[in-house]
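Both backbone and side-chain heavy atoms feed into the values below; hydrogens, waters and symmetry mates do not.
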Amino acid sequence: MNANNNQQASGQEVPVPSSTSFTPINAEPVPIPRKRAGRKKAIHRCGIGACDFQTDTPKGVKEHQKNKHLGLECYWYYPADNTFCRFKTATHEDLYEHFNKEHLKKEARQNGNAFVCCWPGMRRLELDDGSIDPVNKCEQKFKQLSGAERHAREHQHKIWCAAEKLAAEKQKLAPESQ
């Protein structure tokens, strides 16, 4: 019996990915009902593009989104020369790889027995759709390097969400073309 027949025989519904478009504004986890041991429990999907991540909790989806979906443009700030990285890519996966390789691995730092978030902060970020207020340098401490790196990615994710929100607000305010 193949995997699909096993799932059908056990009464589980096979989730079907949706083709929902995504901006961080509508990035709420998408529950998909399924049966488990005689009761229904929801599976929550990421909902960003074609991402197939799913979990039993909305919190798991939120953690996944802020760690893996960093946007399509890098907002890492270089205080020494007062510039932003501004690396652009077509996929979240490419930006994730860029962010880890170019910023986290080069900036990782240890302070005694703790690892420190290496987010450099940033000056006011001017975008085509508006601006994002300055963010202070982060020096939050973690017991493991992976925690510090995950936290630094959250900063990038938050700025991407703010940039997407500005773009959506500008689009709402733009007069409709005739």
Side-chain angles (χ1 to χ4, degrees), residues 17-30 45-53 58-111 114-142 144-177:
S18 69
S19 59
T20 306
S21 63
F22 169 78
T23 63
I25 298 159
N26 69 359
E28 291 302 314
V30 181
R45 287 187 359 90
C46 175
I48 298 178
C51 181
D52 61 358
F53 177 82
K59 182 179 180 183
V61 171
K62 291 290 185 187
E63 289 298 317
H64 162 80
Q65 289 174 344
K66 66 185 179 183
N67 190 43
K68 294 289 186 180
H69 296 288
L70 307 180
L72 303 176
E73 181 175 351
C74 183
Y75 299 113
W76 190 271
Y77 178 62
Y78 298 110
D81 59 357
N82 198 31
T83 61
F84 289 90
C85 175
R86 304 305 287 260
F87 171 82
K88 292 182 182 181
T89 182
T91 69
H92 291 269
E93 293 83 10
D94 288 347
L95 187 61
Y96 178 84
E97 289 177 22
H98 160 82
F99 197 82
N100 288 335
K101 180 181 174 189
E102 296 300 321
H103 303 303
L104 297 186
K105 298 303 179 202
K106 292 180 180 179
E107 301 292 334
R109 52 185 197 224
Q110 193 168 1
N111 184 354
F115 292 92
V116 181
C117 174
C118 57
W119 183 255
M122 61 181 230
R123 64 173 168 79
R124 184 177 190 85
L125 175 60
E126 298 294 333
L127 301 168
D128 292 340
D129 301 315
S131 61
I132 298 173
D133 291 334
V135 178
N136 292 331
K137 179 178 181 177
C138 182
E139 293 191 347
Q140 187 171 337
K141 294 180 181 179
F142 298 85
Q144 296 180 338
L145 177 60
S146 60
E149 291 177 343
R150 184 171 44 252
H151 182 74
R153 284 190 293 269
E154 287 180 38
H155 291 288
Q156 166 69 26
H157 177 80
K158 286 178 186 177
I159 294 169
W160 170 58
C161 289
E164 289 291 308
K165 185 176 179 181
L166 282 172
E169 289 171 357
K170 183 177 180 181
Q171 193 172 31
K172 282 182 186 177
L173 296 175
E176 293 182 26
S177 58

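- Atoms CD and OG1, on E73 and T89 in that order, are 11.0 Å from each other to the nearest 0.5 Å.
- With values rounded to the nearest 0.5 angstrom, E139 atom CD is found 8.5 Å from K141 atom NZ.
- Put simply, CD on E149 and CD on Q144 are 11.0 Å apart, with the number rounded to the nearest 0.5 Å.
- In this structure the side chain of E154 never reaches within 4.5 angstrom of the side chain of C117, judged on heavy atoms.
- Considering every non-hydrogen atom in both T91 and L72, the closest pair reads C-CD2, 3.6 Å.
- Across every non-hydrogen atom of I159 and W119, the tightest pair is CD1-CZ2, 3.2 Å.
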Start with the C-alpha gap between Q156 and Y75, add the side-chain angles, then the distance that decides, and say whether side-chain contact (heavy atoms from CB on, under 4.5 Å) holds.
-> CA-CA 6 Å; Q156 166 69 26; Y75 299 113; 3.5 Å; yes

Evaluate the criterion side-chain contact (heavy atoms from CB on, under 4.5 Å) for residue pair E102 and E97; output intermediate values, then yes/no.
-> CA-CA 8 Å; E102 296 300 321; E97 289 177 22; over 6 Å; no

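- In this structure, K137 and P120 have side chains that are not in contact, with every pair of non-hydrogen atoms separated by 4.5 Å or more.
- Judged by distance alone, the side chain of Q140 and the main-chain N or O of A148 form no donor-acceptor pair under 3.5 Å.
- The CZ atom of R86 sits 16.0 Å away from atom CH2 of W76, with the distance rounded to the nearest 0.5 Å.
- Looking at H98, H157, H69 one by one, the single match for ring pair (Phe, Tyr, Trp, His ring centres under 6.0 Å) with H92 turns out to be H69.
- Residue A152 comes nearest to L104 through the heavy atom pair CB-CD2, 3.6 Å, listed as atom of the first residue, atom of the second, then distance.
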Show your working on side-chain contact (heavy atoms from CB on, under 4.5 Å) between K68 and F53 and close with a plain yes or no.
-> CA-CA 10 Å; K68 294 289 186 180; F53 177 82; over 6 Å; no

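- Taken to the nearest 0.5 Å, the CG atom of L70 stands 13.0 Å off from the NZ atom of K158.
- Judged purely by atom type and a 3.5 angstrom limit, Q65 uses its side chain to pair as donor or acceptor with the backbone of C46.
- With rounding to the nearest 0.5 Å, the separation of CG in L127 from CZ in F84 is 8.5 Å.
- Residues F99 and C74 share a closest heavy-atom pair of CD1-SG, 4.1 Å.
- Side-chain atoms of C51 and H64, non-hydrogen and from C-beta on, do get closer than 4.5 Å to each other.
- Counting heavy atoms from C-beta on, the side chains of Y77 and V135 never come closer than 4.5 Å.
- Counting heavy atoms of neighbouring residues, nucleotides and ligands inside a 6.0 Å radius, atom CG of N82 exceeds 12 of them.
- Listed by chain and number, the residues in a side-chain contact (heavy atoms from CB on, under 4.5 Å) with A162 are I132 (sequence neighbours excluded).
- At a cut-off of 3.5 Å, with distance as the only test, no side-chain donor of N67 or R150 sits close to an acceptor on the other residue.
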